[in-house]
Amino acid sequence: MGEVLSEVKRGSPEEWQRRLETLAPELLDELSVHKEPEKGLPALEGAENGVVMRFAPNPNGPPTLGSARGIIVNSEYVKKYGGKFIIRFDDTDPVKKRPMPEAYGWYLEDCEWLDARPDEVIIASERVPLYYEVAEELIRRGGAYICRCEQAVFKEHKEKGIPCVHRDQTPEENLELWQKMLDGGFSEGQAVLRVKTDMHHKDPAIRDWPAARIVTAPHPMVGTRYRVWPLLDFESAIEDHLLKTTHILRGKDLADSGARQKYLYKQMGWTYPRVIHWGRIKIHQFGSFSTSKLRAAIEAGEYTGWDDPRVPTVRAMRCRGIRPEALRKFMIDLGVGETDISISMDSIYAENRKLIDADSNRYFFVWNPVALEIEGDVPALARAPLHPAVARGFREIPAGNKIFVCQSDLAALKVGDRVRLKDLCNVEVTGLEPARALFAGREPEKKMKIIHWAPQNGVAVRVLRPDGADEGIGEAGIADELGRVVQFERYGFVRINRLGDPITAYFTHK
RNA sequence: GCUCCGGUAGUGUAGUCCGGUCAAUCAUUCCGGCCUUUCGAGCCGAAGACUCGGGUUCAAAUCCCGGCCGGAGCACCA
């Protein structure tokens with residue numbers, strides 16, 4: 001080996017290249033081929049013949065940006081490999097994660113908007129009998145038992161790794177107790193269905209886990225039809241089998257579910273889907289978002305609703321003029337890493353800006369307006385392009401000797417300064433309190449500071465931002481842009497959401 | 001406490017499985033400059049990273065061991 005290497009060292013690279021050319025030219029080609037990074041999502045193993053994937057939210061509020069990631073990535077894989085994309089509502093807790101009846105539709109709407117229309121929609125609360133069937137079969141096979149330990153007692157058993165007395169009940173006894181649970185022979189907390197795993201499993205989180213419990217409170221969708229409700233691991237395990245799910249994308253918080261559910265799969269003779277975990281996502285501008293916390297804040301009146309621009313929901317993004325394509329591209333670029341990530345809205349904004357810039361008409365909006373009197377021959381009408389680069393025509397803005405400018409622009413000026421009023425004329429400042437100026441020519445001059453302005457009879461505009469609100473005056477044409485995204489020059493992009501006095505716009509981004 | 005999973009520029013991300021093409025990709029952000037009748041767009045340029053320590057090897061971001069840091073689970077929540 002050492003000999004070979006010292007020989008290699010003696011030759012020049014060029015010499016070796018020549019030798020390689022004669023020996024194996026095909027290897028040389030290989031050298032110059034740079035592995036192109038695969039665009040989009042990483043390949044899924046075992047996806048060659050199509051996939052069945054599901055996104056399984058609890059409908060206790062509308063989709064957030066976190067949900068959007070799940071919707072987009074799952075649906076994108078289905079687009080990529082063919083197959084089926086399923087939305088499954090895991091709404092099996094009538095109390096602690098009480099579903100919101102409206103939220104089911106909200107999810108479907110937002111999926112549609114995100115270009116992720118599901119091929120199938122499943123609602124767990126409508127399929128409880130299916131879970132009962134599996135429960136009974138599992139009991140018959142000796143894979144589950146009715147545990148009547150008090151919660152705290154079982155917890156101790158679990159920590160110490162010792163089975164409780166109920167673990168040895170025969171299937172017949174368990175079947176009888178199960179029936180008693182269903183029939184109302186037990187009250188809440190008195191009995192629970194437990195899946196047998198291994199009380200000596202080294203990870204305590206895996207030991208005999210609960211599969212179903214008694215809840216007597218009415219469920220918002222099915223009322224009091226059921227008094228025994230499955231827990232997530234049980235419901236989800238069964239559904240994934242019934243739906244023939246091939247790949248599960250699962251948050252790291254559910255990382256133990258696979259290990260737990262595999263005991264059930266083994267007992268039932270089912271094949272477990274492939275699982276990919278991903279980390280938690282946080283957004284700088286919003287922090288982490290839990291639907292329940294949001295719900296509480298909205299109910300407390302801290303926000304105007306689920307589409308308040310300060311809130312990280314898909315509907316809020318929609319109202320702010322974020323395009324679904326921007327969200328898709330962004331989420332797909334994130335990939336499916338297991339690390340927890342903390343991202344900035346700036347990246348989404350940058351993506352969105354590329355999409356909306358060419359389509360957005362430009363308008364003047366003056367925030368914190370201050371009146372400016374101009375002496376001289378100011379044109380009565382300004383003609384400004386709707387877009388600086390795309391020929392889409394012009395907007396006409398009444399001007400004249402009295403207009404409005406931003407207080408902050410005025411504050412940066414002093415008497416004697418010359419400034420360009422965009423698309424109108426030049427002026428020379430002659431006074432500040434009150435603000436006065438003198439007409440100073442119509443032709444633009446190089447290097448002159450340029451500010452925008454608003455007409456005396458403009459429309460009142462209120463911009464709601466994630467970080468507050470701005471009020472001011474805009475040109476009248478803004479009223480023609482309801483529902484569209486426009487750019488307020490030198491301010492940023494906004495979506496015109498409501499006409500009226502004032503017109504309400506949601507801030508999109510700079 | 002027990003168990004599991006991560007750690008590449010400010011933020012994300014590619015590369016890690018199968019060590020050499022990596023003086024490490026792309027995006028975003030930031031900073032210069034140009035251009036522009038917007039502080040938008042565009043163009044040019046710059047800066048910026050392999051968690052640490054050992055080991056294996058001719059060669060380590062990549063393999064092994066240990067430390068540190070971070071996250072998660074151990075609910076009759078999802």
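Below, each value reflects all heavy atoms present in this structure, side chains not excepted, and no hydrogens, waters or symmetry copies. Since the model is a prediction, treat every value here as computed from it, not as a measurement. In what follows, chains carry the letters A, B, and so on, assigned in the order in which the sequence lines appear, proteins first and then strands, with residues in each chain numbered from 1.
Side-chain N/O atoms of A/Ser236 include none lying less than 4.0 angstrom from OP1 or OP2 on B/A78. Dashed line: the shortest gap from a side-chain N or O of A/Arg213 to OP1 or OP2 of B/C77 is under 4.0 Å. A close approach under 4.0 Å does occur between a side-chain nitrogen or oxygen of A/Lys158 and OP1 or OP2 of B/A75. Listed pair A/Gln487 / B/G40 fails the phosphate criterion, with no side-chain N or O lying under 4.0 Å from OP1 or OP2.
Nucleotides B/G12 and B/G7 place their C1' atoms 14 Å apart, quoted to the nearest Å. A distance of about 33 Å separates the P atoms of B/U29 and B/G20, rounded to the whole Å. Comparing the C1' positions of B/G55 and B/G48 gives a spacing of 31 Å, expressed to the nearest Å. Taking the P atoms as reference points, B/U3 lies 30 Å from B/A14, given to the whole Å. Nucleotides B/G6 and B/U62 place their P atoms 15 Å apart, quoted to the nearest Å. The same atom, C1', is picked in B/A60 and in B/A24; the two are 13 Å apart, to the nearest Å. Look at the C1' atom in both B/C63 and B/C17: the space between them is 11 Å, to the nearest Å. Here, B/A61 and B/A49 have their C1' atoms 10 Å apart, quoted to the whole Å.
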Going by atom type alone, with no hydrogens or angles, which donor-acceptor pairs under 3.5 Å involve a side-chain atom of residues 147-155 of chain A and a protein atom two or more places apart or on another chain?
none

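The shortest side-chain heavy-atom distance between A/Arg395 and A/Glu475 falls under the 4.5 Å cut-off.
The cationic atom of A/Lys196 (NZ for Lys, CZ for Arg) does not lie both less than 6.0 Å from the six-membered ring centre of A/Tyr263 and within 45° of the ring axis. For the pair A/Arg320 and A/Tyr506, the cation does not sit on the ring face, since its NZ or CZ is not both under 6.0 Å from the ring centre and inside 45° of the axis.
The CZ atom of A/Arg362 sits 12 Å away from the C1' atom of B/U36 (whole-angstrom rounding). Remark: P of B/C26 and NZ of A/Lys329 are 14 Å apart, rounded to the nearest angstrom. The CE atom of A/Met100 sits 21 Å away from the P atom of B/C77 (whole-angstrom rounding). Across the protein-nucleic acid pair, A/Lys97 atom NZ and B/C77 atom P stand 10 Å apart, rounded to whole Å. Between A/Asp256 atom CG and B/G73 atom C1' there is a gap of 4 Å when expressed in whole angstrom units. Taking atom CD of A/Glu235 as the reference point, atom P of B/A78 lies 8 Å away to the nearest angstrom. Per the geometry, CG belonging to A/Leu334 stands 19 Å off P belonging to B/G6, to the nearest Å. Distance NZ (A/Lys510) to C1' (B/A41): 13 Å, rounded to an integer number of Å.
Comparing B/C4, B/C76, B/C35 by their nearest atom to the side chain of A/Lys202 picks out B/C4. When distances run from any side-chain atom of A/Pro210 to the nucleotides B/U37, B/C76, B/G73, the shortest one goes to B/C76. Of the listed nucleotides (B/C35, B/U38, B/U13), B/U38 has the atom at the smallest distance from the side chain of A/Ile450. Among B/A78, B/U37, B/G12, the nucleotide with an atom closest to any side-chain atom of A/Ser342 is B/G12. Ranking B/A78, B/C76, B/U37 by closeness to the A/Pro444 side chain, first place goes to B/U37. Checking B/C76, B/A78, B/U38 against every side-chain atom of A/Val192, the shortest atom distance belongs to B/C76.
Pairs passing the salt bridge (Lys or Arg N to Asp or Glu O under 4.0 Å) check and including a residue from residues 345-358 of chain A, sequence neighbours excluded, read A/Lys329-A/Glu351, A/Glu351-A/Lys354, A/Asp357-A/Arg362.
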**OP:** Could you provide the dot-bracket string of RNA chain B, using ( ) for intrastrand pairs, [ ] for crossing pairs and | for bases paired to another strand, with Watson-Crick or G-U pairs below 3.5 Å?
**Re:** (((((((..(((.......[.....)))..((((.......)))).....(((((..]....))))))))))))....
Check: protein-nucleotides 63-65 of chain B nitrogen or oxygen pairs below 3.5 Å:
none

Contact list (N/O, under 3.5 angstrom) for nucleotides 28-31 of chain B vs protein:
{"unit_1": "B/U28", "atom_1": "OP1", "unit_2": "A/Lys354", "atom_2": "NZ", "d": "3.3"}

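Judged as a side chain to side chain donor-acceptor pair (under 3.5 Å), and not counting sequence neighbours, A/Asn74 has no contacts. Listed by chain and number, the residues in a salt bridge (charged side-chain N to carboxylate O under 4.0 Å, His left out) with A/Arg328 are A/Glu76 (sequence neighbours excluded). Shown here are the side chain to side chain donor-acceptor pair (under 3.5 Å) partners of A/His452, two or more places apart in sequence or in another chain: A/Arg490. By the side chain to side chain donor-acceptor pair (under 3.5 Å) test, A/Arg392 is found to be paired with A/Asn361, residues two or more places apart in sequence or in another chain being considered. With sequence neighbours excluded, the residues forming a side-chain contact (heavy atoms from CB on, under 4.5 Å) with A/Glu428 are A/Arg418, listed by chain and number.
Near-neighbour residues of RNA chain B inside residues 178-189 of chain A, defined by a heavy atom below 4.0 Å, number-ordered: A/Gly189. Sorted by residue number, the members of residues 388-398 of chain A with any non-hydrogen atom under 4.0 Å from RNA chain B read A/Pro388.
Within 4.0 Å of A/Asp253, counting heavy atoms only, lies at least one base atom of the nucleic acid. Looking at heavy-atom distances under 4.0 Å, A/Phe493 makes contact with sugar-phosphate atoms alone, never a base. Among the atoms of the strands shown, only primed sugar atoms or phosphate atoms (P, OP1, OP2) are found under 4.0 Å from some heavy atom of A/Leu231. Using a 4.0 Å heavy-atom criterion, one finds that A/Ser257 contacts no nucleic acid atom at all.
Between A/Cys149 and A/Arg69, the one whose closest nucleotide on RNA chain B sits nearer the 5' end is A/Arg69. Each of A/Ser344 and A/Pro57 was matched to the nucleotide of RNA chain B holding its nearest heavy atom; the match closer to the 5' end belongs to A/Ser344.
At a cut-off of 3.5 Å, with distance as the only test, a side-chain donor of A/Arg420 or A/Asn426 sits close to an acceptor on the other residue. In this model, no donor atom of one side chain and acceptor atom of the other lie less than 3.5 Å apart for A/Glu489 and A/Tyr363.
Using the six-membered ring where Trp is involved, A/Tyr132 and A/Tyr226 have ring planes that are perpendicular, over 60° apart on the 30 and 60° scheme.
None of A/Trp367, A/Phe365, A/Phe364 except one satisfies the ring pair (Phe, Tyr, Trp, His ring centres under 6.0 Å) rule with A/Phe488; the exception is A/Phe365.
In this structure, A/Trp229 contributes its side chain and A/Ile214 its backbone to no donor-acceptor pair below 3.5 Å. Although no hydrogens or angles enter the test, the distance criterion places a donor-acceptor pair under 3.5 Å between the side chain of A/Asp91 and the main chain of A/Ser125. Checked by atom type and distance alone, the side chain of A/Arg207 pairs as donor or acceptor with a backbone atom of A/His201 at under 3.5 Å. The backbone N or O of A/Thr64 lies less than 3.5 Å from a partner atom in the side chain of A/Ser67, making a donor-acceptor pair.
Counting atom types as modelled, A/Lys96 pairs no side-chain N or O with a base atom of B/C77 as donor and acceptor under 3.5 Å.
Of the charged side-chain nitrogens involved, none lies within less than 4.0 Å of a carboxylate oxygen, so that A/Asp208 and A/Lys158 do not count as a salt-bridged pair.
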